[in-house]
There are 2 protein chains.
Amino acid sequence: MGMSLRQRRRLQTARDIQMAAVTVALRDGFDQMTTEAIATEAGISTRTFFNYYNNKQAAILGEAVRLDVAGAGWFASSEGALTDDLARLMGQGLKDNPLDRAVLRKIISVIDANPALQDLFRTKVDETSLSLATLLDARLGPDMASETRLLAELATHALTEAVMIWAMDDAMTLDDITPLISAKLRNVGKILMQGDARV
Amino acid sequence: MGMSLRQRRRLQTARDIQMAAVTVALRDGFDQMTTEAIATEAGISTRTFFNYYNNKQAAILGEAVRLDVAGAGWFASSEGALTDDLARLMGQGLKDNPLDRAVLRKIISVIDANPALQDLFRTKVDETSLSLATLLDARLGPDMASETRLLAELATHALTEAVMIWAMDDAMTLDDITPLISAKLRNVGKILMQGDARV
DNA sequence: GCAGAAACTTGCATACTATGCAATGTTTAC
DNA sequence: GTAAACATTGCATAGTATGCAAGTTTCTGC
């Protein structure tokens, strides 16, 4: 019931290309990096490169964290604090989408050196935001539709920050991410209410 | 003290190109749109097009709203509700960067038809976020550094949503945007605190 | 006003990105 | 074992983007 040979090869090639892209980006700089260089490094033709990724950027950023919307029915009806539930939801998402710390660090290096990639990274992360908005809609009801999107983006940004911190800190485990997100969200909530008597 | 002839022409050409880009995008579809078509529509050479914009996307999205960081000293030391002050700050930014409702509507049409542009639009908006983060740092102090960025992004997203609503609703004035942003932020704050006893 | 500096437009050359198509080879399913 | 599905590749081609140099317009200081 494991993957077929074809599927395993495809996945492996996709990873090889990503590694090659990151390697070349760190070596030559992102702006100087050509698809030809990536293909050569990965041992494939440039044509094959485009069979796997639509462009260079996509090759460097991997797959986005995908939330298991189906398995998150509990979220809509939970009575817990929203910040905690959001954090739990995303913490679960991370466990379902294992990240390689070493690869992530390299990716972060490339992003740090190329601000233009930051946008693409956020865009990638915001794919998560979409499924989250659906879940929030279910929990908060239609009255809050306009705030739902803001909240979803806020939560995914918090997730991104937390993942970055985790990637850089060997002492952290994946389990430490959930409370970190929770704390971040709660702090933002507190700050937002600062000086506001209308709570 | 007015702009020189050169400056006025440059600005006008930049606007002409943007109009041309939007027109062509609506006519041919963004994916089918070529730089050559834009240049022809704008009455310039393709080479000149690239003297004004780095790429097609940039030609469609105009300049980002720029906050007047220098003139916002009041923000750091204000005692008012943070949500209100943020809204006021961004409302002021809008007045300093007058938007053309008709053009904005066309841009929104193009974006709606091309999800890929949504990311770029947000990226554009997030340029505002950077200056905002600086101001928030000054107000909240170094302890809150990690939440500052989240807050800045949240606020700029709220700004974007409010501007979209304004663009679509002729009955709204620019002055209506400030309280709208304020309300959105306050609601997000409330929702974040939902079920949280630790306030 | 006029001369020279600075800026703008353009064509041309060139490197790179990205896609379609067709040929060939590999894996899968029955 | 065979046919269908899928993967890799080369080739052709359209489009993106930049550097450079030549020609023109605008600006600056006198």
Side-chain angles (χ1 to χ4, degrees), chain A residues 1-25 27-61 110 114-117 119-120 123-124, chain B residues 1-61 63 110 114-117 119-120 123-124:
Chain A
M1 93 117 287
M3 291 191 210
S4 70
L5 174 61
R6 229 176 226 168
Q7 283 176 305
R8 272 178 286 129
R9 280 195 181 159
R10 190 155 187 84
L11 192 60
Q12 188 55 48
T13 303
R15 286 189 181 142
D16 288 347
I17 296 176
Q18 189 189 12
M19 260 331 275
V22 172
T23 302
V24 174
R27 190 187 64 204
D28 301 349
F30 181 76
D31 291 336
Q32 277 64 45
M33 171 178 82
T34 67
T35 52
E36 196 180 351
I38 300 173
T40 303
E41 178 78 25
I44 54 166
S45 70
T46 61
R47 190 63 189 79
T48 300
F49 170 85
F50 284 107
N51 286 342
Y52 280 84
Y53 296 100
N54 289 330
N55 47 56
K56 298 188 297 183
Q57 298 85 23
I60 286 187
L61 318 169
V110 178
N114 297 277
L117 273 177
D119 309 326
L120 292 159
T123 294
K124 198 99 202 144
Chain B
M1 60 126 284
M3 289 192 211
S4 70
L5 175 60
R6 229 177 228 170
Q7 284 176 305
R8 269 178 288 130
R9 280 200 178 155
R10 189 154 188 86
L11 191 60
Q12 188 54 49
T13 304
R15 286 190 181 140
D16 289 347
I17 297 177
Q18 189 188 11
M19 261 331 277
V22 172
T23 303
V24 174
L26 287 175
R27 189 187 64 206
D28 301 347
F30 180 76
D31 291 337
Q32 277 64 45
M33 171 178 83
T34 67
T35 54
E36 196 179 351
I38 300 173
T40 303
E41 178 78 25
I44 53 165
S45 71
T46 61
R47 191 63 189 78
T48 299
F49 171 85
F50 284 108
N51 286 342
Y52 280 83
Y53 296 99
N54 289 330
N55 47 56
K56 299 188 295 183
Q57 298 84 21
I60 287 187
L61 318 170
E63 285 294 303
V110 178
N114 296 276
L117 274 177
D119 309 326
L120 292 159
T123 294
K124 197 99 202 143

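As the structure is a prediction and not an experimental result, all values here were calculated from the model. Below, each value reflects all heavy atoms present in this structure, side chains not excepted, and no hydrogens, waters or symmetry copies. Letters A, B, ... are given to chains in the order of the sequence lines, protein chains preceding strands, and every chain is numbered from 1.
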Nearest whole Å is fine: how far is [N] [atom2] from [X] [atom1]?
X	N	atom1	atom2	answer
B:Ile44	C:dA7	CD1	C1'	16 Å
A:Ile17	D:dT8	CD1	C1'	11 Å
A:Asn55	D:dT16	CG	C1'	13 Å
A:Phe50	D:dT16	CZ	P	14 Å
B:Phe49	D:dA17	CZ	P	8 Å
A:Ile60	C:dT17	CD1	C1'	15 Å
A:Asn51	D:dA7	CG	P	9 Å
B:Met33	D:dA14	CE	C1'	16 Å

Just wondering, do [Y] and [X] contact through their side chains at under 4.5 Å, heavy atoms?
X	Y	answer
A:Glu36	A:Phe49	no
A:Arg8	A:Leu5	yes
B:Ile60	B:Lys56	no

> On DNA chain D, nearest-nucleotide positions of B:Gln7 versus A:Thr46: which is more 5'?
Replying inline: A:Thr46
> Pick the nucleotide of DNA chain D nearest each of B:Thr35 and A:Thr13; which residue has the one closer to the 5' end?
Replying inline: A:Thr13
> Hey, is the side chain of B:Arg6 pairing donor to acceptor with the base of C:dA6 inside 3.5 Å?
Replying inline: yes
Compare side-chain N and O positions of [X] against OP1 and OP2 of [N] and report whether any pair is under 4.0 Å apart.
X	N	result
B:Tyr52	C:dC8	no
B:Arg10	C:dC8	yes
A:Ser45	D:dT9	yes

> Looking at D:dT8, C:dT27, D:dT16, which one has an atom nearest to any side-chain atom of B:Thr34?
Replying inline: D:dT16
> From D:dT18, C:dC21, D:dC27, pick the nucleotide closest to the side chain of B:Arg47?
Replying inline: D:dT18
> Is it true that the NZ or CZ of A:Arg15 lies under 6.0 Å from the centre of A:Tyr52's six-membered ring and within 45 degrees of the ring axis?
Replying inline: no
>> Looking at every non-hydrogen atom in both residues, tell me the closest pair between B:Ala20 and B:Glu41 and how far apart they are.
In response: CB-CG, 3.5 Å
